[in-house]
Amino acid sequence: MSNNQKETSEKEPKTLLRDIITFIVPVVLAVIAALLLRTYVFANAVVPTGSMLNTIQEKDRIIASRLAYNKDDPERYDVVIFNFPDDEEQIFVKRVIGLPGETVEIVNGVVYVTKVNGETVQLDDSFVTACVPEGDFGPYVVPENSYFMLGDNRNSSKDSRFWNNPFVSKDKILGKVMFRYYPSIGKIE
């Protein structure tokens, strides 16, 4: 065997190993980056029901910001994803209605909130599905660091009114829903 043949055969395994490493390293880095983003920056969910119609459609895929509440608290009317209080393995999407320390009462489908300062107001329902909400519920006194949630499709939503544990604690909120990415792209408000 000539010297050239020896050099070529010795270089081939090194080149193959280098090619494999060159291919695998970016893939591994991309997977790690995706996992870090999913764990600390974004939360992803598929909405299985029509409880948030018309804001979010059944089967929409949504993205929520995990960073939204690092410095701020959830605000009334924010759409959030959270661990369901009765079964934390499930992820729910609902709208924040009652804030810590407030009292929520629903009379003939109309939502009233008594704020911490004692003022009672009828809440905006312009985002509620084109149905006439029904029923009397409450009053619910929202504990500190907790929130009362309702779906936008009020007559077809299993929300705080029907749960065994009607309040979602702040640490169970995974993020503020920002947009849908499938089947169409759009901002969620």
Side-chain angles (χ1 to χ4, degrees), residues 40 42-56 58 60 62-180 187-189:
Y40 298 107
F42 300 110
N44 179 32
V46 177
V47 180
T49 69
S51 70
M52 285 298 292
L53 289 172
N54 285 333
T55 306
I56 301 173
E58 189 173 344
D60 275 359
I62 57 173
I63 295 285
S65 169
R66 290 184 185 269
L67 303 176
Y69 302 125
N70 279 357
K71 293 182 181 177
D72 298 318
D73 290 329
E75 296 179 8
R76 189 177 336 277
Y77 307 123
D78 284 356
V79 177
V80 297
I81 66 173
F82 54 91
N83 295 103
F84 175 43
D86 292 344
D87 177 4
E88 292 188 9
E89 296 294 314
Q90 295 184 53
I91 295 176
F92 273 33
V93 179
K94 301 289 180 206
R95 191 177 294 273
V96 175
I97 296 298
L99 303 176
E102 295 182 335
T103 301
V104 178
E105 187 165 12
I106 302 167
V107 179
N108 294 322
V110 178
V111 180
Y112 297 93
V113 169
T114 303
K115 298 180 179 184
V116 176
N117 66 7
E119 175 190 12
T120 299
V121 295
Q122 179 180 337
L123 293 190
D124 174 25
D125 65 356
S126 60
F127 45 81
V128 173
T129 302
C131 68
V132 178
E134 302 169 345
D136 296 330
F137 302 91
Y140 303 93
V141 178
V142 184
E144 288 303 313
N145 296 314
S146 295
Y147 299 87
F148 186 86
M149 308 289 185
L150 292 176
D152 289 356
N153 189 359
R154 295 281 162 80
N155 294 339
S156 295
S157 178
K158 299 299 179 210
D159 47 40
S160 286
R161 299 171 291 174
F162 304 106
W163 303 337
N164 292 328
N165 302 299
F167 308 106
V168 177
S169 64
K170 183 180 178 186
D171 64 335
K172 300 301 179 188
I173 295 175
L174 301 175
K176 179 179 181 179
V177 176
M178 305 304 280
F179 63 92
R180 91 177 45 82
K187 187 175 180 183
I188 303 292
E189 295 182 272

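In this text the structure is predicted, and so the values were computed from the model without any measurement.
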Heavy-atom side-chain proximity of V80 to Y69 below 4.5 angstrom: yes
Exercise: identify the closest heavy-atom pair between G151 and M52: CA-SD, 3.6 Å
Shortest non-hydrogen separation from R76 to L123 and the atoms involved: CD-CD2, 3.6 Å
Atom pair CD1 (I81) and CG (N44), whose distance is rounded to the nearest 0.5 Å: 7.5 Å
For P48, side-chain contact (heavy atoms from CB on, under 4.5 Å) partners two or more places apart: none
Separation of D171 CG from N83 CG (nearest 0.5 Å): 9.0 Å
Approximate separation, where rounding is to 0.5 Å, of R180 CZ and I56 CD1: 7.0 Å
CG-OG distance between L174 and S65, expressed to the nearest 0.5 angstrom: 11.5 Å
Mutual orientation of the aromatic rings belonging to Y140 and F148 [parallel < 30°, tilted 30-60°, perpendicular > 60°]: tilted
Heavy-atom closest pair, residues V141 and F167: O-CZ, 3.3 Å
I173 vs M149, side-chain contact (heavy atoms from CB on, under 4.5 Å): CA-CA, chis, key distance, verdict: CA-CA 11 Å; I173 295 175; M149 308 289 185; 4.1 Å; yes
I188 side, atom CD1; I63 side, atom CD1 - distance, nearest 0.5 Å: 11.0 Å
E75, CD atom: more than 12 neighbouring heavy atoms under 6.0 Å: no
Atom pair OG (S169) and CZ (F82), whose distance is rounded to the nearest 0.5 Å: 10.5 Å
side-chain contact (heavy atoms from CB on, under 4.5 Å) assessment of L150 paired with I106: CA-CA 11 Å; L150 292 176; I106 302 167; 4.2 Å; yes
Non-hydrogen side-chain atoms of V168 and W163 separated by less than 4.5 Å: yes
Residue pair V128 / P133: nearest heavy atoms and the distance that separates them: CG1-CG, 3.9 Å
N164 backbone acceptor or donor facing D86 side chain under 3.5 Å: yes
Minimum heavy-atom distance A64-G175, with the two atoms named: CB-C, 3.8 Å
P74 and K176, any side-chain heavy atoms less than 4.5 Å apart: no
May I have the list of side-chain donor-acceptor pairs in residues 107-122 shorter than 3.5 Å, sequence neighbours left out?
unit_1	atom_1	unit_2	atom_2	d
T114	OG1	T120	OG1	2.9
N117	OD1	E119	N	2.9

Atom pairs and distances, side-chain donor-acceptor, residues 88-101, under 3.5 Å, sequence neighbours left out:
unit_1	atom_1	unit_2	atom_2	d
E88	OE1	K172	NZ	3.1
Q90	NE2	D87	OD2	3.0
K94	NZ	S51	OG	2.8
K94	NZ	S157	OG	3.1
R95	NE	D152	OD1	2.8
R95	NE	D152	OD2	3.4
R95	NH1	Y77	O	2.8
R95	NH2	T55	OG1	3.3
R95	NH2	D152	OD2	2.7
R95	NH2	E189	O	3.4

